[in-house]
Amino acid sequence: DAQMLEVPPLAIDASVCAFSARAARLAVGTRSGHVHHYDLAPVWLRGKRSQSEIFLLPRSIALHRGRVRRMALSEDGRLLVTGGSDRLLKLTRLDTESPQVAELYRGSEVDALALDTTGPVPLLAAAFKDRSLVLWDLSTGKARWSANGYEADSMTFHAGKLVVSGKERIAFVDLAS
């Protein structure tokens, strides 16, 4: 039997969201640059039906000046990556008492994000409006690979490759090379 968990109306100006089923964490980015993250474990993992207390007290972080445009949440719910209209790409660790934020990139708005924390090295791929594509090793925070000329609408990691789709084009980036 399929069950639906409906989120009560949120009194925020949501622009984008990301969800980690494994960690039962929901992150919601706003037009004002904040990210609200919610622990859904009492409802999602345990089947408890009293949802309202979960959504009353989100943890909130001011991350961007202006709209949060793109976001990705790691499978374990510990890492959040956001791209804002302020042309910043930020990595936030949510598994600490007080979230730790690091700026990864400054210069162009993000069009697409992909995050892979299942392999031996956590990876982040970001495609930007200036048609650049960058792959980061999140264990070091350093760019591992970059290319120009990609218009990307979506990206995903699969079987050791980064799959990038965009305007009339699909590209596969072999991460082993």
Side-chain angles (χ1 to χ4, degrees), residues 5-45 50-117 121-144 146 152-157:
L5 169 64
E6 210 170 317
V7 176
L10 305 173
I12 58 174
D13 55 346
S15 60
V16 65
C17 71
F19 180 67
S20 165
R22 192 172 121 207
R25 179 167 286 169
L26 172 68
V28 180
T30 69
R31 288 177 180 82
S32 61
H34 290 78
V35 171
H36 306 284
H37 54 105
Y38 304 85
D39 177 11
L40 302 181
V43 176
W44 188 259
L45 299 176
S50 63
Q51 302 167 15
S52 58
E53 77 268 11
I54 306 302
F55 297 99
L56 290 176
L57 297 170
R59 292 181 67 190
S60 298
I61 318 162
L63 289 177
H64 295 278
R65 291 181 317 276
R67 180 176 174 223
V68 179
R69 295 190 71 246
R70 300 284 182 262
M71 65 179 3
L73 190 58
S74 65
E75 213 175 281
D76 62 9
R78 294 178 181 175
L79 298 176
L80 174 71
V81 179
T82 57
S85 60
D86 57 3
R87 299 179 176 198
L88 298 175
L89 179 68
K90 293 186 175 185
L91 172 67
T92 304
R93 290 190 57 101
L94 298 174
D95 61 346
T96 57
E97 181 64 33
S98 148
Q100 298 173 348
V101 181
E103 186 178 303
L104 290 175
Y105 181 86
R106 174 187 296 259
S108 185
E109 286 189 31
V110 177
D111 276 338
L113 289 172
L115 185 58
D116 180 15
T117 57
V121 175
L123 298 173
L124 166 68
F128 298 94
K129 282 210 175 294
D130 66 4
R131 299 179 53 135
S132 63
L133 178 64
V134 181
L135 179 71
W136 278 272
D137 174 338
L138 293 180
S139 66
T140 65
K142 302 217 184 290
R144 178 172 154 178
S146 64
D153 297 320
S154 67
M155 297 186 293
T156 188
F157 288 96

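Note that these values count all heavy atoms, side chains included, but never hydrogens, waters or copies made by symmetry.
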**Request:** Measure the spacing between CG of Leu73 and CG of Leu113 and express it to the nearest 0.5 Å.
**Result:** 12.0 Å
**Fill in**
Separation between CG (Leu89) and CD (Glu109), nearest 0.5 Å, reads 12.0 Å
**Message:** Donor-acceptor check, side chain of Ser20 to backbone of Glu75, threshold 3.5 angstrom: yes or no?
**Reply:** yes
**Prompt:** Under a 4.5 Å cut-off applied to non-hydrogen side-chain atoms, are Thr30 and Val35 in contact?
**Reply:** no
**Request:** Answer yes or no: is there a side-chain heavy-atom contact under 4.5 Å between Thr92 and Ile61?
**Result:** yes
**Pairwise salt bridge (Lys or Arg N to Asp or Glu O under 4.0 Å) hits with a residue in residues 93-106, at least two apart** = Arg93-Asp95, Glu103-Arg106
**Request:** Tell me, please, which residues at least two apart from Ser132 pass side chain to side chain donor-acceptor pair (under 3.5 Å).
**Result:** Asp130
**Item:** Greater than 12 external heavy atoms within 6.0 Å of Arg78's CZ
**Value:** no
**Request:** Report yes if the side chains of Thr96 and Leu94 come closer than 4.5 Å at any heavy-atom pair, otherwise no.
**Result:** no
**Asked** Quick one: side chain to side chain donor-acceptor pair (under 3.5 Å) partners of Gln100, sequence neighbours excluded?
**Response** none
**Asked** Are a donor atom and an acceptor atom from the side chains of His34 and Ser60 found within less than 3.5 Å of each other?
**Response** no
**Request:** Compare every heavy atom of Ala126 with every heavy atom of Trp136, then report the nearest pair and how far apart it is.
**Result:** CZ3-CB, 3.7 Å
**Fill in**
Heavy-atom nearest pair, Ala152 first then Asp111, reads O-CB, 3.4 Å
**Request:** Could you list all the ring pair (Phe, Tyr, Trp, His ring centres under 6.0 Å) pairs where at least one residue sits in residues 62-117, not counting sequence neighbours?
**Result:** Tyr105-Phe128
**Prompt:** Just how far is it from atom OG of Ser32 to atom CG of Asp13, taken to the nearest 0.5 Å?
**Reply:** 4.5 Å
**Message:** For Asp116, give me all partners under salt bridge (Lys or Arg N to Asp or Glu O under 4.0 Å), at least two apart in sequence or on another chain.
**Reply:** none
**Request:** May I ask you to decide if Ser74's main-chain N or O and Thr117's side chain share a donor-acceptor pair within less than 3.5 Å?
**Result:** no
**Prompt:** Quick one: which of Arg31, Arg87, Lys129 gives a side-chain contact (heavy atoms from CB on, under 4.5 Å) with Arg69?
**Reply:** Lys129
**Message:** Tell me every residue that passes salt bridge (Lys or Arg N to Asp or Glu O under 4.0 Å) with Arg65, counting only those two or more places apart in sequence or in another chain.
**Reply:** none
**Asked** Do Leu104 and Leu88 come within less than 4.5 Å of each other through their side chains, counting heavy atoms only?
**Response** no
**Request:** Mind listing the closest non-hydrogen atom pair of Val134 and Ala143 along with its distance?
**Result:** CG1-CB, 3.9 Å
**Positive for side-chain contact (heavy atoms from CB on, under 4.5 Å) with Thr82, one of Val16, Leu63, Val101, Leu91** = Leu63
**Item:** With Thr140 via side chain to side chain donor-acceptor pair (under 3.5 Å) - residues at least two apart
**Value:** none
**Request:** Just grab all the ring pair (Phe, Tyr, Trp, His ring centres under 6.0 Å) pairs involving residues 71-97, residues at least two apart or on different chains.
**Result:** none
**Prompt:** Can you name the residues that form a salt bridge (Lys or Arg N to Asp or Glu O under 4.0 Å) with Arg25, not counting sequence neighbours?
**Reply:** none
**Request:** Could you note down all residue pairs passing ring pair (Phe, Tyr, Trp, His ring centres under 6.0 Å) where residues 65-85 supplies at least one of them, sequence neighbours left out?
**Result:** none
**Message:** Between Met71 and Leu80, does the side-chain contact (heavy atoms from CB on, under 4.5 Å) criterion hold? Intermediate values first, please.
**Reply:** CA-CA 7 Å; Met71 65 179 3; Leu80 174 71; 4.0 Å; yes
**Request:** Can you sort out the partners of Ser15 under side chain to side chain donor-acceptor pair (under 3.5 Å), two or more places apart, ordered by chain and number?
**Result:** none
**Request:** Tell me, please, which residues at least two apart from Phe157 pass ring-ring contact (aromatic ring centres under 6.0 Å, His included).
**Result:** none
**For Asp76 against Ala23, the heavy-atom pair lying closest together** = O-CB, 3.1 Å
**Distance, nearest 0.5 Å, that separates CG of Leu123 from OG of Ser139** = 8.5 Å
